[in-house]
Amino acid sequence: MKVVRQPAVSTLLDAMNQPMPRNLLGLDLQELTTLVDSAGEPAYRARQIFHALYAERVLSLDQASNLPKDFRSTMADSGVSVGSPAIQSRFVSSDGTVRYLMQLWDAETIETVWMPEGDEGERGDGSEAGEEPEGCAHGWRRATICVSSQVGCAVNCQFCLTALLGVRRNLNAGEIVGQVISVLRDQKVLPPNDRINLVFMGMGEPFLNFENFIKAVRLLVEGVGIPESRMTVSTAGIVPRIYDLAAEPVRPKLAISLNAPNDELRTQIMPLNKKWNLEKLLNAAREFPLRNRERLTFEYVLLGEINDSDRHARELVELVRGIKAKVNLIALNPGPGIEFKTPNESRVLEFQKILINAGVPAYVRRPRGRDIYAACGQLKRTIELAS
Ligand code: SF4
């Protein structure tokens, strides 16, 4: 029996074009069904593996006690493993934020951030993610996990530490889901009972890794049990993928990282604006189909004396007029190698006031974990940061 199954499992995973090691995490129910079928196992084994991976969140085949021992051994002998990213280090902020350095199978590292109480980025987006729930047994009312989608990033926003890395590779769906699972296990949190929000705002541009990102979203909804209404994806403005997201039946809410109210300034701080300018970006935003109560989010990183004047605020009002959206203001999180200044609090509040007075909902995002470089735009591999 074993002799027949081993090559079959290997052959299937080879056909799935998975590099070594052969990881189960990231496979959907259909792929698992094909896998168990090729191994001569009944179809319900696929549902058992799916449940073990995503609902029980096992870290190794040994822990998948709902599977027969000989089947687990067969898979292990074929080089198949669960494939969760390994937590290499944890950096704990004075505000409770934890920045995780995770190691992938090829020794690349990524960062994932746990924010008890979140950063209030969901406020006013019309979803249940932004509502205030009762406190829970852990002492927080809701927590947010900030998830990476690539190793590094190619987009080159001038205010972002991750940009300094360049892009090294895309994460596969299992590596995206695996970050969430590793953090949930580490924090001993159990969705759907515990209230978790996900933001795809870590390292990388999710829309430059769209297929893996959207597959991970489906697995997180169907397998891990985190509703799509508690997920937000942020893009720097990869316009064609905004239309693709709009067509997805299961999708997170959309946030657009805007950061400037005119093309000249936006091109200076976000060079990708040359390819997809504000007209194209705002057209895509206007056409984005919103669900009941949903609002788009525009993120605006305030850079001292660059994009934070009253005039910029008024230009921003005109730019987003007529779009069912809110603006999240983020005072620049400083970092080594970043030339810009952080505006003072009164400037941030003045900017916010101009938006609110003009009828544009505007919120100031709470900086989380600045002391451990876990805040927005600060994620950069710790190894390089220390060198
Ligand atoms: S802000 Fe986001 S898209 Fe821009 S360089 Fe940083 S990680 Fe990439």
Side-chain angles (χ1 to χ4, degrees), residues 1-90 100-110 112 147-148 151 169-191 211-212 215-216 218-220 222-226:
M1 208 57 175
K2 208 167 177 176
V3 177
V4 175
R5 284 180 191 163
Q6 281 184 2
V9 173
S10 301
T11 307
L12 180 90
L13 285 162
D14 287 343
M16 289 170 138
N17 204 17
Q18 271 221 354
M20 288 294 282
R22 293 155 172 161
N23 294 334
L24 291 172
L25 205 59
L27 299 186
D28 60 23
L29 190 56
Q30 197 177 352
E31 289 163 333
L32 289 170
T33 304
T34 314
L35 174 70
V36 299
D37 191 44
S38 74
E41 291 284 335
Y44 65 78
R45 288 266 179 268
R47 285 193 296 279
Q48 289 175 327
I49 299 175
F50 190 85
H51 190 265
L53 290 175
Y54 303 111
E56 290 179 24
R57 298 165 207 128
V58 299
L59 294 181
S60 68
L61 286 170
D62 288 345
Q63 293 174 349
S65 53
N66 61 343
L67 297 172
K69 219 169 178 181
D70 65 335
F71 183 49
R72 282 185 271 157
S73 313
T74 301
M75 287 199 287
D77 293 348
S78 307
V80 174
S81 62
V82 169
S84 290
I87 294 174
Q88 194 174 308
S89 341
R90 291 172 191 78
Y100 290 93
L101 183 70
M102 306 235 184
Q103 186 165 51
L104 307 174
W105 63 273
D106 57 356
E108 290 288 3
T109 52
I110 49 168
T112 311
V147 184
S148 292
V151 183
R169 72 170 172 86
N170 283 339
L171 300 186
N172 62 40
E175 290 166 331
I176 298 173
V177 177
Q179 292 168 66
V180 177
I181 286 179
S182 293
V183 172
L184 292 177
R185 283 196 76 102
D186 195 58
Q187 295 289 337
K188 302 183 177 48
V189 168
L190 296 170
E211 291 307 321
N212 287 314
K215 185 180 183 192
R218 280 187 227 119
L219 292 170
L220 287 161
E222 292 160 17
V224 180
I226 301 175

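This structure is a prediction, so every number in the text was calculated from the model and none was measured.
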Between [atom1] of [X] and [atom2] of [Y], what distance do you get to the nearest 0.5 Å?
X	Y	atom1	atom2	result
Leu101	Thr109	CG	OG1	5.0 Å
Phe71	Glu41	CZ	CD	4.5 Å
Gln63	Glu56	CD	CD	9.5 Å
Gln103	Gln88	CD	CD	4.5 Å
Ile176	Ile181	CD1	CD1	12.5 Å
Thr112	Ile110	OG1	CD1	4.5 Å

Could you go through the side chain to side chain contact (heavy atoms under 4.5 Å, CB included) check for Gln179 and Ser148 one step at a time?
-> CA-CA 8 Å; Gln179 292 168 66; Ser148 292; 3.6 Å; yes
If only atom types and distance count, is the side chain of Arg185 paired as donor or acceptor with the main-chain N or O of Arg57 below 3.5 Å?
-> yes
If we only count heavy atoms from C-beta on, is the [X] to [Y] side-chain gap below 4.5 Å?
X	Y	answer
Val147	Val180	yes
Val36	Pro42	no
Met102	Ser84	no
Glu222	Leu29	no
Ile49	Leu27	no
Val82	Leu59	no
Val183	Val189	no
Leu171	Val151	yes

Would you name the heavy atoms of Leu61 and Ser81 that are closest together and state the gap between them?
-> CD1-CA, 4.4 Å
Any idea which heavy atoms bring Arg45 and Pro68 closest together, and the distance?
-> NH2-CG, 3.1 Å
Output all residues satisfying salt bridge (charged side-chain N to carboxylate O under 4.0 Å, His left out) with [X], sequence neighbours left out; order by chain, then residue number.
X	answer
Arg169	Asp106, Glu175
Asp186	Arg90
Arg218	Glu248

Side chain to side chain contact (heavy atoms under 4.5 Å, CB included) partners for Arg72, two or more places apart |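 If we apply the side chain to side chain contact (heavy atoms under 4.5 Å, CB included) test to Arg72, skipping adjacent residues, the hits are Ala64, Leu67, Lys69.
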What pairs with Asp28 under side chain to side chain contact (heavy atoms under 4.5 Å, CB included), at least two apart in sequence or on another chain?
->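 Partners of Asp28 by the side chain to side chain contact (heavy atoms under 4.5 Å, CB included) criterion, ordered by chain and then number, come out as Gln30, Glu31, Lys215, Leu219.
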Which residue pairs pass the ring-ring contact (aromatic ring centres under 6.0 Å, His included) test when at least one of the two sits in residues 34-53, sequence neighbours left out?
-> Phe50-Tyr54
